[in-house]
Amino acid sequence: MFSKKSIRRHFLFQLIIASASLILIFSSVLYFYIEKSILDEKKAELMVFAKNIAQNKSMFKNENIPPERFLGIDVGIMYLKQENIGINIYETTRGKHRYLTLIYPFHLEDFSYLKLSKNITATKVLLEKILNYIFIINIAGFLLVLVYAIGLSKMLVIPLKTLSNKLSDMNEHLIRPIDTK
């Protein structure tokens, strides 16, 4: 016969695993969405600057852009021997700083390309802080799930214990057969 605690432990284990998995999946998706959104915004910003420079327009296209948005952007022209490499964007690390670099076609006749680099170290630090906060929230959430699962498993096992106690107190000789008709 099953012990009284085996059903409870089995249920408790399943509830904890399911809830922890759900928390982990949700927080991972949330973090990667936040990271992708922020980095895509930085990439789009560099693309706008590169298009405006390549079309001989103002870097900011008559928009009221605050100066802090273009501080930290290095603009240069580079000459490559390859023809039409297209648009290339990548991250690099120099020392303790992270940079997002965009290679954009400028004058294809002389194989010149714009090279725009933006310091994204502060953005990366912000993303690390967000990740740390998500870990802290996950740990707190896991502890809450643990307390909830223990309480719920106790609550769900009470009717089984009550039924088991009533059946153990009954006299087996006084039980009548059940009429199945």
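What you are looking at is a predicted structure, and each value in this text was computed from that prediction instead of being measured. What's counted below: heavy atoms across the whole structure, side chains too, no hydrogens, waters or symmetry copies.
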Within this structure, what is the NZ-CD1 distance for the pair K43 and I120, rounded to the nearest 0.5 Å? 8.5 Å
Check: T123 and K42 side chains under 4.5 Å, non-hydrogen atoms: yes
Between I103 and M78, does a side chain to side chain contact (heavy atoms under 4.5 Å, CB included) hold up when you go through it step by step? CA-CA 9 Å; I103 307 297; M78 53 190 286; 3.5 Å; yes
In terms of heavy-atom contacts, P105 and A54 come closest through O-CB, 4.1 Å
With sequence neighbours excluded, tell me which residues meet side chain to side chain donor-acceptor pair (under 3.5 Å) with S19. none
Run the side chain to side chain contact (heavy atoms under 4.5 Å, CB included) check on I150 and K154 step by step: do they pass? CA-CA 6 Å; I150 290 170; K154 279 183 181 179; 4.2 Å; yes
Is it the case that one hydrophobic cluster holds both I34 and L126, taking links as side-chain heavy atoms less than 4.5 Å apart, direct or via other members? yes
Looking only at side chains, do R98 and T121 share a donor and an acceptor under 3.5 Å apart? no
Pairwise distance OH(Y133) to CD1(I130) - rounded to 0.5 angstrom: 9.5 Å
Pair listing, salt bridge (charged side-chain N to carboxylate O under 4.0 Å, His left out) test, anchored in residues 124-148, at least two apart: E91-K124
State, with a plain yes or no, whether a side-chain heavy atom of L46 is found less than 4.5 Å away from one of Y104. no
Are any non-hydrogen side-chain atoms of L100 and L102 less than 4.5 angstrom apart? no
Provide the closest heavy-atom pair for A50 versus L114 in the form atom of the first, atom of the second, distance. O-CD1, 3.6 Å
Indicate yes or no: at least one non-hydrogen side-chain atom of T101 is less than 4.5 angstrom from one of L116. no
Any L24 side-chain heavy atom under 4.5 Å of F142 side chain: no
By the side-chain hydrogen bond (donor to acceptor under 3.5 Å, both in side chains) test, which pairs, at least two apart or in different chains, include something from residues 138-147? S27-N138
